[in-house]
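Everything below concerns the one structure shown next.
Every value quoted in this text rests on a predicted model; they were computed, and no experiment measured them.
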Number of protein chains: 2
Amino acid sequence: MSDQITIHDVAKMAGVSIATVSRFLNGQLNRMSKKTADRIAKIIQETNYVSNASARQLVTRNSGIVAVVAADIDDYFSTEFFKGASSVLEQHHLNAVLFDSNSRLNREKQNLKFINQQTFDGMILQPLTDKSQFVKELVRRPIKTVILDRDLHDDSWDSVQTNNFQAAREASLYFYKNSFTKIIVISEPVAGISTRQERLKGIQTVYPNVQLIEIDNDRPFLKKNYEKVSNLLKKNQVKGEKTLFFFLKERLLLNFFSFFLQEGILRNKDLSITAFSDTQIVKGLLPDFKMIKQDPFLLGATAAEIIANQISDKSATSQGEKFIVPAHFG
Amino acid sequence: MSDQITIHDVAKMAGVSIATVSRFLNGQLNRMSKKTADRIAKIIQETNYVSNASARQLVTRNSGIVAVVAADIDDYFSTEFFKGASSVLEQHHLNAVLFDSNSRLNREKQNLKFINQQTFDGMILQPLTDKSQFVKELVRRPIKTVILDRDLHDDSWDSVQTNNFQAAREASLYFYKNSFTKIIVISEPVAGISTRQERLKGIQTVYPNVQLIEIDNDRPFLKKNYEKVSNLLKKNQVKGEKTLFFFLKERLLLNFFSFFLQEGILRNKDLSITAFSDTQIVKGLLPDFKMIKQDPFLLGATAAEIIANQISDKSATSQGEKFIVPAHFG
């Protein structure tokens, strides 16, 4: 069979109108007999006909698809903001597809290159890179873009973020007022990642002398990390100072949970724990501890509203506006 | 500007060759001056030119994209099998995009309808439905398809699954031999979901009289569930029987964890816990308990190998083969 099979050919071979084939392709099977549907299906199968979805895209420049690029879908934050974006886009008759950068800059690059080659109407990007130039060199088409979660400090795009600085500061103030004089902050490497930097800065407005433990998530979790924490803790306890553990990411707290359980840390009134925590898991494990809860669903939904508006109103251009979705402490 | 802008027009307006525009579109910027790249970028922006990726698809019928449809990306199982699939497809120069059915049959339907309208080369589907007819009515094109995780009992597609029956049976035997005479199975609703049915059947070969508690995940988690468990447990304890808790899904165990902690269940030698558990979280929380660990990454990678072979070898057709990736108990 030739590659040039068209919808006309399919209609002719099936002995039906083009409109009927079109209805078939759009799944409107209630508007034809089962016999007709089966005949069309058979011919499409035999001729290996591919519909004109691609052709339509060329004409309208409008695929109806928004690419959502997540930093790492192993994080509940990422899957949840996708769910928020997806539900809003659905209301606007747009489809969301998800790309995973798998915490690898090279994978993010491949994703952006691929998106550049396709006809997406919009993109919601949770970047790994902190360099806007990196994105601009890879995505050279006029794809409507919103940056989510992290700050690229670039006016070309609107962005949606949690109030990382304020939320970290608010939580720190609460514990400081409750006589926690020492703080141990546990984070993935802070350099270059705006989210972590903002959180740390917020904490430092209250606790200038933060004890920071950075854990590289790419490597297997090491027992050595427990020792670091143990040692810091012992020094603080000798001085009789109340110590707060502040995890900048929920998964790190989960890594430490069984250690805390074994060491009896959960029942020691001179110790407390808080974290940026998005799932119900931590709240279930530690019902008596106050956590900072982001709203990734709302972050994604907000980004999707912005994209949907930009897509429907072609004259709308990004003003580099920053939208803040507050986290809640409690 | 007309909608009919072509790559020829862009090249002419930029005063460069078509090959140069093509290189630009493919991100090969090292092969032109920055000035040239900027000029092309400006013209593409002004004319709103959309490349011929879509046109190319029409000619080759080969988008290079595999659609991966997950039942719910809130489950680690789903994101992890996507990562496995994605890494294998990358090696075959194919791109994976992820769709989330969000545990809703209607969303799955929308995803399949959408995929039917696009030019995907292949699809890996973790279905919510248990009816193959449902899928066939929505996807009417010859898209290479592999079914993952769940069984649709249909020879049209190859499928990749965990050995749910065997793994559940093996774990049950272990506990039975260790004098656990009673078992409480905690699961989402079992009816219609092959994975859960297989697991339950495997358990029932060892424990014909299973005490089954079904929890509807769509509703908020109820304290009532704790009472059910408490009551069953008390009856067993009166009779002096050792009881095993068997969770068919990890998330359910996490819901019960703080309850177990409070009730002192974790230190009672007459009680034990096992679960189908995919993440490191449970192993971290309950290091001394034996779990059944699936390998979602390998499941996804296996499905991707099958799809990649079918795509590269056009004559390859599905034999309705069932591929089993064993789970490990320990």
Side-chain angles (χ1 to χ4, degrees), chain A residues 3 24-27 29 37 40-41 44-45 48-55 57-61 63 65 67 73-74 76 79-80 82-83 86-87 90 95-100 102 107 110-111 113-114 116-119 137-138 140-142 221 254-255 257-258 261 280-281 284-287, chain B residues 3 24-27 29 37 40-41 44-45 48-55 57-61 63 65 67 73-74 76 79-80 82-83 86-87 90 95-100 102 107 110-111 113-114 116-119 137-138 140-142 221 254-255 257-258 261 280-281 284-287:
Chain A
D3 262 345
F24 174 90
L25 291 171
N26 289 311
L29 299 179
I40 298 172
I44 287 178
Q45 185 83 41
N48 202 19
Y49 167 72
V50 174
S51 95
N52 52 359
S54 305
Q57 282 174 33
L58 276 181
V59 177
T60 65
R61 274 99 214 278
S63 63
I65 318 179
I73 57 171
D74 266 355
Y76 178 81
T79 57
E80 202 59 18
F82 179 77
K83 283 181 188 283
S86 193
S87 78
E90 198 177 344
N95 284 283
V97 297
L98 180 54
F99 294 82
D100 173 30
N102 200 23
R107 184 69 238 173
Q110 294 303 324
N111 284 336
K113 260 178 128 167
F114 176 76
N116 183 57
Q117 285 167 14
Q118 304 294 322
T119 54
E137 276 170 15
L138 293 165
R140 310 199 131 260
R141 299 163 186 291
F221 188 81
L254 289 169
N255 284 336
F257 187 83
S258 61
L261 210 58
Q280 291 299 319
I281 297 175
L285 296 176
L286 297 167
Chain B
D3 262 346
F24 174 90
L25 291 172
N26 289 312
L29 300 179
I40 298 173
I44 287 178
Q45 183 83 42
N48 202 21
Y49 167 72
V50 174
S51 94
N52 55 357
S54 306
Q57 284 174 31
L58 277 180
V59 177
T60 64
R61 274 97 213 277
S63 64
I65 318 178
I73 57 170
D74 267 355
Y76 177 83
T79 58
E80 203 59 18
F82 178 76
K83 283 179 188 285
S86 193
S87 79
E90 199 177 342
N95 284 284
V97 297
L98 180 54
F99 293 82
D100 173 30
N102 199 24
R107 184 69 239 173
Q110 295 302 324
N111 284 336
K113 260 178 128 167
F114 176 76
N116 182 56
Q117 286 168 14
Q118 305 294 323
T119 54
E137 276 169 15
L138 293 165
R140 309 198 133 259
R141 301 164 184 293
F221 188 81
L254 289 169
N255 285 336
F257 187 82
S258 61
L261 210 57
Q280 291 300 319
I281 296 175
L285 296 175
L286 297 166

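- In this structure B/Gln110 satisfies the side chain to side chain donor-acceptor pair (under 3.5 Å) test with no other residue, sequence neighbours excluded.
- At a 4.5 Å heavy-atom cutoff, the contact between B/Ile281 and chain A is made by side-chain atoms alone.
- Contact check for A/Ile40 versus B/Arg140: no side-chain heavy atoms found under the 4.5 Å cut-off.
- Minimum heavy-atom separation, A/Phe82 to B/Leu98: CZ-O, 4.5 Å.
- When each of A/Asn95, A/Leu286, A/Asp100 is scored by its heavy-atom pairs under 4.5 Å with chain B, the top score falls to A/Asn95.
- Looking at A/Leu254, only its side chain comes within 4.5 Å of chain B, counting heavy atoms on both sides.
- Applying the side chain to side chain donor-acceptor pair (under 3.5 Å) rule to A/Thr79 yields the partners B/Asp74; only residues at least two apart in sequence or on another chain are considered.
- The two residues B/Ser258 and A/Gly284 come nearest to each other via the heavy atoms CB-O, 3.0 Å.
- Between chain B and the residues A/Tyr76, A/Phe257, A/Phe114, the largest count of heavy-atom pairs under 4.5 Å involves A/Phe114.
- With a 4.5 angstrom heavy-atom cutoff, B/Ala67 does not touch chain A via any of its atoms.
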